[in-house]
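Within every chain, numbering begins at 1; the chains are lettered A, B, ... in the order of the sequence lines, protein sequences first and strands thereafter. What you see is a predicted model, and the numbers here were worked out from it, not measured in a lab.
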Amino acid sequence: MVDIVNIVSSGSLDLEIDLESLSDEIGPIADYDPEKYPGMYLRFGADIPLITVYRTGKYIITGANSKEEAYTVRERFLNLLSDLGVIEHPDDDWFSIQNHVCTAEFDQSLNLNALTVELGLKQTEYEPEQFPGLIYRPNSDLGVVLVFATGRVVVTGCRSLQDAEDVFSDLKKTLSEFI
DNA sequence: TGAGCGGCTCCTTATATATCAGCTTCGG
DNA sequence: CCGAAGCTGATATATAAGGAGCCGCTCA
């Protein structure tokens with residue numbers, strides 16, 4: 001069982017945007033400081049995913065806890081642009097989920113030095129002086145796993161929740177004899 | 001030799017995870 | 001005034017995006 005903690009998605013409006021005037025029109029929920037970063041930040045509320053909009057019309061949505069939330073925020077964004085007359089149809093772009101960050105857990109603490117050997121040195125990186133987690137890159141190439149001595153796990157780099165679930169269940173299967 | 005261009009790296013954002021150093025704050 | 005406790009920011013992972021800066025290469 002893995003839980004989604006963050007989803008990164010991106011899309012394109014396929015049109016050039018004047019971020020300076022758009023941020024003025026949107027008001028305080030927009031934050032644009034080109035000296036600091038070329039993207040304009042747009043956040044509908046404190047616990048609502050962040051939208052970063054670029055001059056080229058491309059945008060990214062970070063911080064969603066589900067695929068549905070990412071799509072809902074995208075829809076709200078497109079409706080806002082439609083209301084402002086920036087775009088004509090609130091659905092004429094492409095949009096896709098790019099990354100799932102998930103957490104999972106083994107019900108026991110783990111010896112990461114032994115785990116490094118068990119998983120194979122070429123797929124594993126563990127340098128506790130640099131970072132306390134073990135970095136495991138499965139052959140499936142569906143994602144990357146961070147394993148901690150507490151038994152907690154972070155699965156990232158997955159295109160879908162199914163990929164993250166597959167990565168974690170494969171890891172559990174691989175370690176079924178070990179733990 | 002220098003201009004120009006392509007490629008690369010870093011910045012920023014979200015998010016869980018854990019461990020260190022360095023800093024501030026507080027009590028005795 | 002000093003030790004302890006708490007807090008912050010670094011470390012690493014993935015991913016999209018545009019811009020700045022840097023490096024090396026090619027051609028005039």
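Atoms CZ (F168(A)) and P (dT17(B)) sit 14 Å apart, rounded to a whole Å. dA16(B) atom P lies 25 Å from atom OH of Y136(A), rounded to whole Å. Atoms CD (E35(A)) and P (dT12(B)) sit 14 Å apart, rounded to a whole Å. Atom-to-atom, CG of D33(A) to P of dT13(B) comes out at 11 Å; the value is rounded to the nearest Å. The OH atom of Y59(A) sits 19 Å away from the P atom of dA14(B) (whole-angstrom rounding). The nearest whole Å value for the distance from the CG atom in D141(A) to the C1' atom in dT13(C) is 14 Å.
With dT11(C), dT13(C), dA16(B) as the candidates, the nucleotide lying closest to the side chain of V5(A) is dA16(B). Set against dG18(C), dT13(C), dA18(B), the side chain of F148(A) has dA18(B) as its closest nucleotide. Side-chain atoms of T103(A) lie closest to dA16(B) of the nucleotides dT15(C), dA16(B), dT12(B). Taking only side-chain atoms of S10(A), from C-beta outward, the nucleotide of dT17(B), dA16(C), dA14(C) with the closest atom is dA16(C). Listed nucleotides dT15(B), dA12(C), dT15(C) differ in distance to N6(A); the shortest reach to its side chain belongs to dT15(B). Nearest to the side-chain atoms of Q98(A) among the listed nucleotides dA12(C), dA14(C), dA16(C) stands dA16(C). Out of dT15(C), dT15(B), dT13(C), the shortest distance to the side chain of V8(A) is found at dT15(C). Side-chain proximity of K36(A) to dG18(C), dT13(B), dT19(B): nearest is dT13(B). For V144(A), the listed nucleotide lying nearest its side chain is dT13(C); candidates were dT13(C), dA14(B), dT19(B). Side chain of N99(A), nearest nucleotide from dG18(C), dA16(C), dA14(C): dA14(C).
Of the side-chain N and O atoms in T56(A), one or more sit less than 4.0 angstrom from OP1 or OP2 of dG18(C). Contact check, Q130(A) against dT11(C): no side-chain N or O comes under 4.0 Å of OP1 or OP2. Between dA17(C) and R55(A), no contact under 4.0 Å exists linking OP1 or OP2 to a side-chain N or O. Put simply, T150(A) has a side-chain N or O that comes within less than 4.0 Å of OP1 or OP2 on dA18(B). For R137(A), a side-chain nitrogen or oxygen approaches OP1 or OP2 of dT13(C) to under 4.0 Å. Remark: R159(A) is not in phosphate contact with dA14(C), judged by side-chain N or O atoms under 4.0 Å from OP1 or OP2. Regarding contacts with the backbone of dA16(B), every side-chain N or O of R152(A) stays at 4.0 angstrom or more from both OP1 and OP2.
The closest donor-acceptor contact from the side chain of T124(A) to the backbone of L121(A) lies at 3.5 Å or more, if one exists at all. Side chain of H100(A) to main chain of R159(A): a donor-acceptor pair is present (N/O by atom type, distance under 3.5 Å, no hydrogens or angles). A side-chain donor-acceptor contact under 3.5 Å links N6(A) to the backbone of G63(A). Checked by atom type and distance alone, the side chain of S82(A) never pairs as donor or acceptor with a backbone atom of L78(A) at under 3.5 Å.
In this structure, Y54(A) does not pack face-to-face on the six-membered ring of dA17(C), missing the 5.5 Å centre cutoff or the 30° plane limit.
Annotation: of the two residues near DNA chain C, I135(A) and P38(A), the 5′-most nearest-nucleotide partner is I135(A).
The base of dA12(C) is not paired with the side chain of Y126(A) by any donor and acceptor separated by under 3.5 Å.
Results of the side chain to side chain contact (heavy atoms under 4.5 Å, CB included) test with I61(A) over V73(A), V8(A), I48(A) single out V73(A) as the only residue that passes.
For the pair Y32(A)/D24(A), no side-chain contact is recorded, criterion being any heavy-atom separation below 4.5 Å from C-beta on.
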